[in-house]
> 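Dropping the structure in here first, questions after.
For the numbers below, each heavy atom of this structure counts, side chains included, while hydrogens, waters and symmetry mates do not. Note that the numbering runs from 1 along the sequence shown for the chain.
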Amino acid sequence: MAMVNSAPTVAVEDPPNSSPPTTPIRGADIAKAAPTAPDKFPVETTPRALGENLSATTISLYVQRGNELLSAGDVVGARLFFERAVREGDAGAARGLGRTYDPLSLKRFRIRGASGDPAKALVWYREAIRLGDAGSEVLLKALLSR
(Lines give C-alpha, C1' and ligand atoms only; values in the text may rest on other atoms or scores of the structure.)
Protein backbone atom coordinates (compact mmCIF):
# COMPACT_ATOMS: atom_id res chain seq x y z
CA MET A 1 0.00 0.00 0.00
CA ALA A 2 1.48 3.34 -1.06
CA MET A 3 1.59 6.27 1.35
CA VAL A 4 0.40 9.60 -0.01
CA ASN A 5 1.89 12.81 1.35
CA SER A 6 -1.10 15.04 1.98
CA ALA A 7 0.80 18.00 3.43
CA PRO A 8 -0.60 21.31 2.19
CA THR A 9 1.59 23.45 -0.01
CA VAL A 10 2.28 27.06 0.87
CA ALA A 11 3.29 29.78 -1.56
CA VAL A 12 6.33 31.70 -0.39
CA GLU A 13 7.00 35.22 -1.57
CA ASP A 14 10.15 37.28 -1.21
CA PRO A 15 9.83 39.82 1.59
CA PRO A 16 9.56 43.44 0.48
CA ASN A 17 12.82 45.38 0.64
CA SER A 18 14.87 42.21 0.95
CA SER A 19 17.97 43.68 -0.67
CA PRO A 20 21.02 44.20 1.57
CA PRO A 21 21.89 47.72 2.68
CA THR A 22 24.19 49.61 0.33
CA THR A 23 25.85 51.80 2.97
CA PRO A 24 28.94 50.19 4.52
CA ILE A 25 28.79 49.58 8.26
CA ARG A 26 31.75 50.76 10.32
CA GLY A 27 32.98 49.34 13.61
CA ALA A 28 32.00 52.47 15.52
CA ASP A 29 28.45 52.22 14.13
CA ILE A 30 28.23 48.61 15.24
CA ALA A 31 29.41 49.40 18.75
CA LYS A 32 26.75 52.11 19.12
CA ALA A 33 23.89 50.05 17.74
CA ALA A 34 24.72 46.66 19.23
CA PRO A 35 22.53 45.40 22.02
CA THR A 36 24.16 43.88 25.05
CA ALA A 37 24.10 40.14 25.70
CA PRO A 38 21.04 38.93 27.57
CA ASP A 39 21.49 38.34 31.31
CA LYS A 40 19.51 35.12 31.11
CA PHE A 41 18.03 32.97 28.42
CA PRO A 42 14.25 32.63 28.46
CA VAL A 43 13.19 30.38 31.32
CA GLU A 44 11.20 27.99 29.14
CA THR A 45 14.19 27.19 26.91
CA THR A 46 17.01 26.88 29.40
CA PRO A 47 18.32 23.32 29.71
CA ARG A 48 18.29 23.55 33.51
CA ALA A 49 14.58 24.40 33.44
CA LEU A 50 14.02 21.31 31.32
CA GLY A 51 16.24 19.20 33.60
CA GLU A 52 18.79 18.55 30.83
CA ASN A 53 22.24 19.50 32.08
CA LEU A 54 24.77 18.45 29.47
CA SER A 55 28.05 16.82 30.41
CA ALA A 56 31.31 18.59 29.59
CA THR A 57 31.99 15.92 26.96
CA THR A 58 28.63 16.52 25.28
CA ILE A 59 29.13 20.29 25.31
CA SER A 60 32.56 19.83 23.76
CA LEU A 61 31.05 17.61 21.04
CA TYR A 62 28.37 20.22 20.33
CA VAL A 63 31.02 22.92 19.90
CA GLN A 64 33.14 20.61 17.73
CA ARG A 65 30.14 19.78 15.54
CA GLY A 66 29.25 23.48 15.27
CA ASN A 67 32.79 24.23 14.07
CA GLU A 68 32.64 21.38 11.55
CA LEU A 69 29.33 22.62 10.15
CA LEU A 70 30.60 26.20 9.95
CA SER A 71 33.72 25.02 8.09
CA ALA A 72 31.46 23.11 5.70
CA GLY A 73 29.38 26.25 5.06
CA ASP A 74 26.29 25.23 7.05
CA VAL A 75 25.80 28.40 9.08
CA VAL A 76 22.27 27.55 10.25
CA GLY A 77 23.27 24.08 11.42
CA ALA A 78 26.33 25.45 13.20
CA ARG A 79 24.20 28.00 15.05
CA LEU A 80 21.94 25.26 16.40
CA PHE A 81 24.86 23.40 17.97
CA PHE A 82 26.54 26.57 19.28
CA GLU A 83 23.28 27.88 20.76
CA ARG A 84 22.70 24.65 22.66
CA ALA A 85 26.23 24.66 24.09
CA VAL A 86 26.20 28.36 24.95
CA ARG A 87 23.09 27.81 27.08
CA GLU A 88 25.37 25.74 29.30
CA GLY A 89 27.78 28.68 29.57
CA ASP A 90 30.44 27.49 27.11
CA ALA A 91 32.71 30.36 26.04
CA GLY A 92 33.88 28.60 22.87
CA ALA A 93 30.28 28.14 21.77
CA ALA A 94 29.64 31.86 22.26
CA ARG A 95 32.69 32.63 20.11
CA GLY A 96 31.50 30.16 17.47
CA LEU A 97 28.06 31.73 17.47
CA GLY A 98 29.65 35.14 16.99
CA ARG A 99 31.62 33.81 14.02
CA THR A 100 28.36 32.69 12.35
CA TYR A 101 27.25 36.32 12.34
CA ASP A 102 30.64 37.99 11.71
CA PRO A 103 30.93 39.14 8.07
CA LEU A 104 34.74 38.80 8.27
CA SER A 105 34.52 35.19 9.44
CA LEU A 106 31.88 34.32 6.87
CA LYS A 107 34.13 35.74 4.17
CA ARG A 108 37.11 33.80 5.57
CA PHE A 109 35.08 30.58 5.41
CA ARG A 110 34.01 31.53 1.86
CA ILE A 111 30.34 31.25 2.75
CA ARG A 112 28.17 32.71 0.03
CA GLY A 113 24.68 34.04 0.48
CA ALA A 114 25.14 35.00 4.13
CA SER A 115 25.98 38.66 4.69
CA GLY A 116 26.24 38.35 8.45
CA ASP A 117 25.02 40.59 11.23
CA PRO A 118 27.86 42.59 12.82
CA ALA A 119 25.71 43.70 15.76
CA LYS A 120 24.88 40.10 16.70
CA ALA A 121 28.50 39.06 16.22
CA LEU A 122 29.51 41.82 18.61
CA VAL A 123 27.03 40.62 21.24
CA TRP A 124 28.28 37.04 21.08
CA TYR A 125 31.97 37.99 21.09
CA ARG A 126 31.36 40.10 24.20
CA GLU A 127 29.52 37.18 25.81
CA ALA A 128 32.43 34.84 24.97
CA ILE A 129 34.87 37.29 26.57
CA ARG A 130 32.62 37.53 29.64
CA LEU A 131 32.66 33.73 29.86
CA GLY A 132 36.47 33.73 29.73
CA ASP A 133 37.41 33.28 26.07
CA ALA A 134 40.41 35.53 25.44
CA GLY A 135 40.52 34.60 21.72
CA SER A 136 37.28 36.45 21.13
CA GLU A 137 38.99 39.75 21.95
CA VAL A 138 40.98 39.50 18.70
CA LEU A 139 37.81 38.80 16.69
CA LEU A 140 35.99 41.64 18.45
CA LYS A 141 38.77 44.13 17.71
CA ALA A 142 38.91 43.05 14.06
CA LEU A 143 35.14 43.50 13.74
CA LEU A 144 35.21 46.92 15.35
CA SER A 145 38.13 48.12 13.22
CA ARG A 146 36.48 47.46 9.88
> Which atom pair, heavy atoms only, marks the closest approach of Thr100 to Ala78?
CG2-CB, 4.2 Å

> Establish, for the pair Arg130 and Tyr125, whether the NZ or CZ atom is under 6.0 angstrom from the six-membered ring centre and no further than 45 degrees off its axis.
no

> When you measure from the side chain of Asp102 to the backbone N and O of Gly98, does any donor-acceptor pair fall under 3.5 Å?
no

> Under 3.5 Å, side chain of Arg79 to main-chain N/O of Leu97, donor-acceptor pair present?
no

> So, for Asp74 and Gly77, which heavy atoms are closest and what is the spacing to 0.1 Å?
OD1-N, 2.8 Å

> Answer yes or no: is there a side-chain heavy-atom contact under 4.5 Å between Leu80 and Arg84?
no

> Less than 4.5 Å apart, any side-chain heavy atom of Phe82 and any of Asn67?
yes

> Working to the nearest 0.5 angstrom, can you tell me the gap between Glu127 CD and Asp90 CG?
11.0 Å

> Is there a side-chain contact between Leu106 and Val75 in this structure, where contact means two heavy atoms from C-beta onward sitting under 4.5 Å apart?
yes

> Is it true that Thr57 and Ser60 share a donor-acceptor pair across their side chains at a distance under 3.5 Å?
no

> Which heavy atom of Leu143 sits nearest a heavy atom of Pro118, and at what distance?
CD2-O, 3.6 Å

> Among pairs that include at least one residue of residues 131-144, which meet salt bridge (Lys or Arg N to Asp or Glu O under 4.0 Å), considering only residues two or more places apart or in two chains?
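Pairs touching residues 131-144 that pass the test: Arg95-Asp133.
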
> Run through the side-chain heavy atoms of Ile, Leu, Val, Met, Phe, Trp and Tyr, join any pair under 4.5 Å, and report what else lands in Tyr62's cluster.
Leu69, Phe81

> Can you see which heavy atom on Ala128 is nearest to which on Ala91, and at what distance?
CB-O, 3.6 Å

> Is there a side-chain contact between Ser105 and Leu70, using heavy atoms and a 4.5 Å cut-off?
no

> Do Leu104 and Phe109 sit in one hydrophobic cluster, given that two such residues count as connected whenever their side-chain heavy atoms are within less than 4.5 Å of each other, even indirectly?
no

> Nearest 0.5 Å, please: how far is CZ in Arg99 from OG in Ser71?
6.5 Å

> Walk me through whether Arg126 and Leu122 qualify under side chain to side chain contact (heavy atoms under 4.5 Å, CB included).
CA-CA 6 Å; Arg126 286 180 176 162; Leu122 186 67; 3.8 Å; yes

> Could you state the interatomic distance from CG (Asn53) to CD1 (Ile59), rounded to the nearest 0.5 Å?
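Asn53 CG to Ile59 CD1: 8.5 Å, rounded to 0.5 Å.
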
